[in-house]
Amino acid sequence: IYRVSVADSREAVGLVKEGNAEAGIVGTEYRHPSLVFTPVCRDEIVLIAPRGVPARLKTEALISLPFVVREQGSGTRRAYEEALASRGIAPSALHAALECTTSEAAKESVAAGLGVAFVSRLAIARELKARAFHVVAVEGLTIDRSFYFVRSGTRKLQRPAALLLDVLLERFAESGS
């Protein structure tokens, strides 16, 4: 029986590396000689906010907002921290009001008005349609990244994992992501 677990990128890579998971889908490519990372799709990390936060902000305005942050090891967190650092904003300058271990928890926290958060654009279509929160355009800040299918380079994929990889590659090739 196959089991699906939710973990951040660092944990997922560790599980695959140690042989405790056959494969994972991660938002960060960690170099390791025994692992194979296959790009699956492109994504954009966007800032989401509850009502009352302007739809456009200057980068320096971010330090005045309460943030719902992802945990250390999250590919999303790594991507937005690197992007902010390139714009002169240290991660420690953000006011972290709450730390969440999943994107779902971050989205729910923003919808509840607890702060703003950086999340995957791929993960927010339903909430945007329901107007649970909105995307904030941050001047001069675009955060693009890839998602990867990670597996051991020394073990053959079992049929279910191989099929999953094929489906992901086909689906995202069709959508252009």
Any [X] side-chain heavy atom under 4.5 Å of [Y] side chain:
| X | Y | result |
| --- | --- | --- |
| Ile48 | His134 | no |
| Arg121 | Val135 | yes |
| Val46 | Ile124 | yes |
| Leu84 | Leu62 | yes |
| Ser120 | Arg145 | yes |
| Gln158 | Glu22 | yes |
| Ile143 | Leu141 | yes |
| Ile89 | Thr59 | yes |

Rounded to the nearest 0.5 Å, how far does [atom2] of [Y] lie from [atom1] of [X]?
| X | Y | atom1 | atom2 | result |
| --- | --- | --- | --- | --- |
| Thr101 | Asp8 | OG1 | CG | 8.5 Å |
| Glu18 | Ser34 | CD | OG | 10.5 Å |
| Leu94 | Glu81 | CG | CD | 7.5 Å |
| Leu165 | Leu157 | CG | CG | 7.0 Å |
| Leu169 | Cys41 | CG | SG | 10.0 Å |

| request: Verify, without hydrogens or angle tests, whether His32 (side chain) and Lys17 (backbone) share a donor-acceptor contact under 3.5 angstrom. | output: no

| message | Treating Ser9 as the side-chain partner and Gly27 as the backbone partner, does any N or O pair qualify as donor plus acceptor under 3.5 Å? | response | yes

Write down the atom of [X], the atom of [Y], and the distance for their closest heavy-atom approach.
| X | Y | value |
| --- | --- | --- |
| Ala12 | Ala7 | N-CB, 4.1 Å |
| Phe149 | Ala23 | CZ-CB, 3.4 Å |
| Pro50 | Gly115 | CD-O, 3.3 Å |
| Arg126 | Glu104 | NH2-OE1, 4.0 Å |

| query | With respect to Leu47, which candidate in Val53, Val138, Val110 satisfies the side-chain contact (heavy atoms from CB on, under 4.5 Å) definition? | reply | Val138

| field | Salt bridge present between Glu127 and Lys129 (N-O < 4.0 angstrom) | value | no

| said: Salt bridge or not between Arg87 and Glu139? Use side-chain N to carboxylate O under 4.0 Å. | reply: no

| Leu35: hydrophobic cluster co-members (side-chain, 4.5 Å) |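 Via sub-4.5 Å side-chain contacts, Leu35 links to Val13, Val16, Val26, Tyr30, Phe37, Tyr148, Val150.
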
| query | Is a side-chain donor-acceptor pair under 3.5 Å present for Ser103 with Arg70? | reply | yes

| field | Donor on one side chain, acceptor on other, Thr28 and Arg78, under 3.5 Å | value | no

| message | Please list all pairs meeting ring pair (Phe, Tyr, Trp, His ring centres under 6.0 Å) that have one or both residues in residues 58-115, counting only residues at least two apart or in different chains. | response | Phe67-Phe118, Tyr80-Phe118

| Check against side chain to side chain donor-acceptor pair (under 3.5 Å), Thr38 and Arg151 | CA-CA 9 Å; Thr38 304; Arg151 64 182 178 85; 5.0 Å; no

